[in-house]
Structure formats: structure tokens, C-alpha cells
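As the structure is a computational prediction, the values presented were derived from the model and not from experiment.
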Amino acid sequence: MEPSKSPTPADSASPQSGSLPKGLMMLELMSGEGEPMGVTALARHMEMPKSGVHRLLQVLRAAGWVRQTAAGEYECTLKLWELGQRVANRVDLRSAAAPAMRELAAQTRETILLSIMDGIEVLYLDVIDSPQPVRAHTKPGDRVPAFCMATGKAMLAYASSALIDRIMENLQIFTSMTITTRDQLDKELEQVRRKGVAYNRGEWGGGVRGIAAPIFDAHGACIAAISVGAPGERMTEAVRRSVAPLVIDAARNISRELGHTPAS
């Protein structure tokens, strides 16, 4: 009789081999949606029983790939993005934005911020600090509510109505300038789409002002925003008028680096 063979790592993994493709398929499906998905919707798209979808979600959630919203639906975390950043061999957003950020910093001598959306928040990817002693203090990795920031409004102008609904459900008042109604927000976002620029008039912190413009990728999707942030006493109306075209140009240059071709 031959001695029993010890299980190999491949043998040990075989019971889970059927779950791996399904888990990857689920991540791909969720990452392509503009809003969180519930178990029922996932089960329908993947043609799986809801019990199986729920088990996969719990595995992915425990590993940090997805998270559950307050409404009980699921969305991808930034872990997918973080992994892609480490392995991607193409031009990444920060590299594409760096020259425009440096030029904008030299032109304005104010704080320059590169941001993306993460859920209903703005996540700062890169920051060039103002050389001036009094400045907006922000660092990469900081998060702020999207609806009251210039960068957030620049991106929300091209977001789904479902995301705007979530914003309104989580709305908080931070200053006397904070947007408090859907009508106010809709008017602000329409202005962004018409003029190509968004403003923070002291809606998050009373002393900070911001001017931002959206950044588009090769597919025409708004994926980020660039902004100039400054104390309110320096961001006068005259300064806003002179800086806004510079921010728009910077965003266009970054979009061009990412392969975006504006519609004629």
C-alpha cells in the first residue's frame, strides 16, 4: 500500500477555487456601478442565489475589499485602487497632474490640491502647500464632506443622482454658508457644468475658500478635481476671477495627459 500523500497548497485551496472567480466577478461588477448594490441586485446580475452572494460579500468585507453602507448595500473600498496604484505600469493620476499642479502653485502661491471622490467624501491624493505663513492646512489622505468643498462640487456635477441622494441624506451644517437643500446643491452643480469651475465660499471652515475644476479621463468620465485653497482674506472676488481660468486650464492639461479629448 502506498503511503498517503500530504495535501499540497493547491489541493488545500481547491474547495475555494470556485469562489475566487465569482468574488473577482463581483468586484468587477460593483466597481463598474456608480452607486452601491444590494444583495438582491448582485444575485440577479451574477445569476447566483442570494445566500451565496451574501457569503461572498462577507468574505470580501472581512478582507477589506467591500464595505456596507448605512442603507445595507455594498460598495467597493479604495483597496482596489490602492492595489492598482502599486501594479499599474501606465501613467497614474498623480504623475499626470504633477506638472500642472506645480505650475498652478507658481502662478498663485496658494495651496494646490488634487482630489478624488470616495463614497460621499473627498479624498485628497496630493497637496502642494502654499509658501505663505497663513495658508490652508491639508495633507494627502485627509477626507472632507464633498458637498461643501470646491473639489467635491466639481466632481458631484458629473455624479449620478443616486450619489446626490446619498449626499443629501448625510447632509450636515458646518457654517452659515453651508448648502442645506437639494435645490441649492442642484443649482451649484449646474453652474459647475456651465462654467467649468466650482467654489467653496466658506461652507466647510469659515476661514477657507477654494476654487476647483473637474478632471476627465480618456473615456470622458470625471475622475478627479484640482483646486486652489486659500484663507478667505486673500481669496477676494478679484482674485477668484483671475484664478478661476488658471484652475480650469490646469484641469484641462491634466485631462489631456490622461487621454481626454474634449468634445468639439
Heavy atoms of P231 and E110 approach each other most closely as CD-OE1, 4.2 Å
task = Find out whether R234 and V239 are in side-chain contact, i.e. whether some heavy atom of one side chain is under 4.5 Å from a heavy atom of the other.
result = no
Note, V127 side chain near L114 side chain (heavy atom, < 4.5 Å):
no
Point to revise | Close side-chain approach of L185 and L171, heavy atoms under 4.5 Å | key: no
I want to check something: taking the side chain as every heavy atom from C-beta on, are I164 and L189 in contact at a cut-off of under 4.5 Å?
yes
Output for pair (F174 CZ, M149 CE), nearest 0.5 Å, gives 10.0 Å
Please check if the number of heavy atoms outside E28 that lie under 6.0 Å from its CD is greater than 12. no
N/O donor-acceptor pairs under 3.5 Å from side chains in residues 42-58, not counting sequence neighbours:
residue : atom : partner : partner atom : Å
Q58     : NE2  : Y74     : OH           : 3.1

Heavy atoms of T111 and S130 approach each other most closely as OG1-N, 3.3 Å
Do P36 and R166 come close enough that some side-chain heavy atom pair is under 4.5 Å? yes
- Query: Would you say M37 and L29 make side-chain contact, with heavy atoms under 4.5 Å?
  - Reply: yes
Exercise. Please tell me if the side chains of I179 and K153 come closer than 4.5 Å, counting only heavy atoms from C-beta onward.
Key: yes
Interatomic distance, CZ@F147 vs CD@E188, rounded to 0.5 Å, equals 11.5 Å
Rounded to the nearest 0.5 Å, the OG1 atom of T77 sits from the CZ atom of R61 at a distance of 12.0 Å
CD (E237) and OG (S242) are apart, to the nearest 0.5 Å, by 10.0 Å
When rounded to the nearest 0.5 Å, the distance separating NE2 of H260 from CD1 of I223 is 10.5 Å
If you define the side chain from C-beta out and look only at heavy atoms, does anything of S115 sit under 4.5 Å from Y124?
yes
R193/E190 under salt bridge (Lys or Arg N to Asp or Glu O under 4.0 Å): CA gap, chis, key distance, verdict:
CA-CA 5 Å; R193 290 187 289 270; E190 174 59 27; 3.2 Å; yes
Over 12 foreign heavy atoms within 6.0 Å of CG, L24:
yes
Scanning both residues in full, the closest heavy-atom pair of I226 with T151 reads C-CG2, 4.4 Å
Donor-acceptor pairs under 3.5 Å, side chain of residues 154-161 to any protein atom, not counting sequence neighbours: which ones?
residue : atom : partner : partner atom : Å
S160    : OG   : L163    : N            : 3.2

